[in-house]
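Note that the numbering runs from 1 along the sequence shown for the chain.
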Amino acid sequence: MNDPGKRVVVLCGGESAERDVSHASGRSVARALLERGHEVTLIDPAAAVPVVAGPLRPGDDVKECAVGTTPPPRADRPRLRRRMHAALTGGPVLELLRDAELVFLALHGGWGEDGHVQALLEMAGLPFTGAGSAACAAAWHKHRARAVLAAAGLPVTEGVLWRPGTDEVPPDVQRLLAHGPVVTKPVADGSSVFVHRVASLPHLAQVAADVPADEELLVEPFLPGREFTVAVVGSRPLPVVEIELTTPLFDYAAKYQPGGASEICPARIPADFAHRLQEMALRAHRALGFGAHAYSRTDFRCDAHGEPHCIEVNALPGLTPTSLLPLAATGAAWTYPDLIHRLMNLTQP
């Protein structure tokens with residue numbers, strides 16, 4: 001067990017579309033750490049004033065942070081990235097990181113999940129939670145990750161890359177659309193941001209018109225079946241969570257607006273099917289380089305025949321009180337502070 005009284009810096013916020021979610025995760029993590037007797041400094045490295053709060057000590061209050069139903073504008077990202085790079089490569093934030101005994105990553109998406117921040121911490125020799133830079137980079141690009149999963153024998157759907165700002169609709173995309181609805185999503189983004197279900201070429205043109213010129217879309221067949229997710233902590237798969245939707249897709253709004261979805265843990269499925277999903281999640285975790293020091297969450301969607309397909313692997317899944325990883329932890333009879341304590345024990349060396 002970790003000794004009480006560690007100096008922990010919690011990084012949250014950041015520059016991605018999941019900035020609001022990350023703020024909520026960071027505050028929840030801070031409360032759990034304080035409950036366990038640790039000293040906490042809560043930092044948003046992309047904020048105009050990077051140090052949000054700290055040092056906080058047991059007994060101090062950390063207020064909850066609500067998540068809006070729409071992500072921050074894409075136009076904010078360049079400014080936020082400049083701030084984040086400056087904060088993590090010099091000045092008082094870097095000094096706070098060097099003084100900490102542990103950096104707890106409550107960042108989601110963007111530089112927090114694609115390996116950028118992890119690489120900076122590795123180069124500085126600082127201990128942090130979650131997967132290393134190589135595994136994060138492997139999982140973040142959905143198309144490349146899918147190739148790795150397929151090579152490991154895991155079931156994945158066909159996916160086609162398309163850069164709408166420069167290319168006409170590729171024949172392979174038209175072929176997929178001719179066989180039924182497709183799902184379009186940024187190939188490198190999280191929290192189901194800017195995900196669309198598309199059933200016609202005119203609708204596809206509308207979606208493409210909103211995509212920045214430098215961004216690639218992943219286009220894949222829409223799977224009409226049930227949706228599940230399985231978290232892995234270290235080498236242990238947690239109970240399966242089923243996501244029951246009131247909308248066709250588990251997009252950003254469905255995740256964070258009331259009534260968008262119901263999450264059930266443990267999922268109401270046969271034991272052998274649950275075991276199969278857990279085994280696939282563990283294989284995906286390992287195939288992408290997530291070792292026993294890391295945690296992840298693998299999302300599955302079933303086809304019309306009830307067969308599950310790996311959709312993606314999340315390197316730093318949400319840690320808000322209502323996020324899917326804490327829900328799975330509850331299914332394993334862990335409290336939220338128990339979960340955070342276990343993630344601390346998986347810290348990168």
Side-chain angles (χ1 to χ4, degrees), residues 16-18 21 68-75 77 109-110 139-147 149-150 154-229 242-257 259-262 298-314 324:
S16 82
E18 299 178 76
V21 184
T69 56
T70 57
R74 281 186 173 108
R77 285 195 181 182
W140 182 240
H141 192 283
K142 295 179 177 67
H143 194 60
R144 294 173 194 157
R146 191 165 300 194
L149 298 176
L154 289 156
V156 298
T157 59
E158 179 183 2
V160 179
L161 280 185
W162 176 35
R163 194 183 296 273
T166 57
D167 299 334
E168 298 296 326
V169 180
D172 283 345
V173 172
Q174 297 186 48
R175 174 179 53 81
L176 289 179
L177 192 54
H179 286 87
V182 298
V183 175
T184 66
K185 62 183 73 171
V187 73
D189 224 325
S191 209
S192 302
V193 175
F194 311 122
V195 175
H196 299 275
R197 180 180 181 271
V198 176
S200 67
L201 280 172
H203 187 194
L204 185 62
Q206 292 176 1
V207 170
D210 292 332
V211 177
D214 61 346
E215 188 171 282
E216 284 185 302
L217 287 182
L218 177 63
V219 184
E220 60 191 15
F222 171 73
L223 300 178
R226 299 166 75 178
E227 187 155 343
F228 303 97
T229 192
E242 179 169 10
I243 301 156
E244 290 189 345
L245 300 174
T246 58
T247 57
L249 293 173
F250 194 43
D251 58 11
Y252 189 95
K255 286 184 177 182
Y256 303 114
Q257 70 182 12
S262 297
T298 300
D299 298 334
F300 299 92
R301 183 104 181 194
C302 295
D303 59 26
H305 305 290
E307 285 298 306
H309 299 255
C310 292
I311 302 301
E312 64 179 280
V313 178
N314 303 270
L324 295 165

What pair of heavy atoms forms the shortest contact from [X] to [Y], and how long is it?
| X | Y | value |
| --- | --- | --- |
| Val169 | Gln174 | O-NE2, 3.0 Å |
| Ala145 | Ala139 | CB-O, 3.8 Å |
| Leu177 | Ser200 | CD2-C, 3.6 Å |
| Gly109 | Trp140 | CA-CH2, 3.4 Å |

By side-chain hydrogen bond (donor to acceptor under 3.5 Å, both in side chains) - contacts of [X] (at least two apart):
| X | answer |
| --- | --- |
| His141 | none |
| Glu307 | Arg276 |
| Arg226 | Glu242 |

Got a salt bridge between Arg175 and Glu158, using NZ or NE/NH1/NH2 to carboxylate O under 4.0 Å? yes
Electrostatic pair Arg146-Glu312, nearest N-O below 4.0 angstrom: no
What I'd like to find out is whether the side chain of [X] reaches to under 4.5 Å of the side chain of [Y], using heavy atoms alone.
| X | Y | answer |
| --- | --- | --- |
| Leu217 | Pro164 | yes |
| Arg301 | His309 | no |
| Lys142 | Lys185 | yes |
| Ile311 | Leu223 | yes |
| Val195 | Thr184 | no |
| Pro221 | Val182 | no |

Side-chain donor-acceptor pairs of residues 201-212 under 3.5 Å, sequence neighbours excluded:
none

Those residues at least two apart in sequence (or on a different chain) that pass side chain to side chain contact (heavy atoms under 4.5 Å, CB included) with Thr229 are Val241, Ile243, Arg297, Asp299, Leu324
Evaluate the criterion side-chain contact (heavy atoms from CB on, under 4.5 Å) for residue pair Val183 and Val219; output intermediate values, then yes/no. CA-CA 6 Å; Val183 175; Val219 184; over 6 Å; no
Please round to the nearest 0.5 Å and tell me the distance separating atom [atom1] of [X] and atom [atom2] of [Y].
| X | Y | atom1 | atom2 | value |
| --- | --- | --- | --- | --- |
| Glu168 | Trp162 | CD | CH2 | 8.5 Å |
| Cys310 | Leu149 | SG | CG | 5.5 Å |
| Thr157 | Phe222 | OG1 | CZ | 12.0 Å |

Only counting residues at least two apart or in another chain, list the ones meeting ring-ring contact (aromatic ring centres under 6.0 Å, His included) with Phe228. Phe273
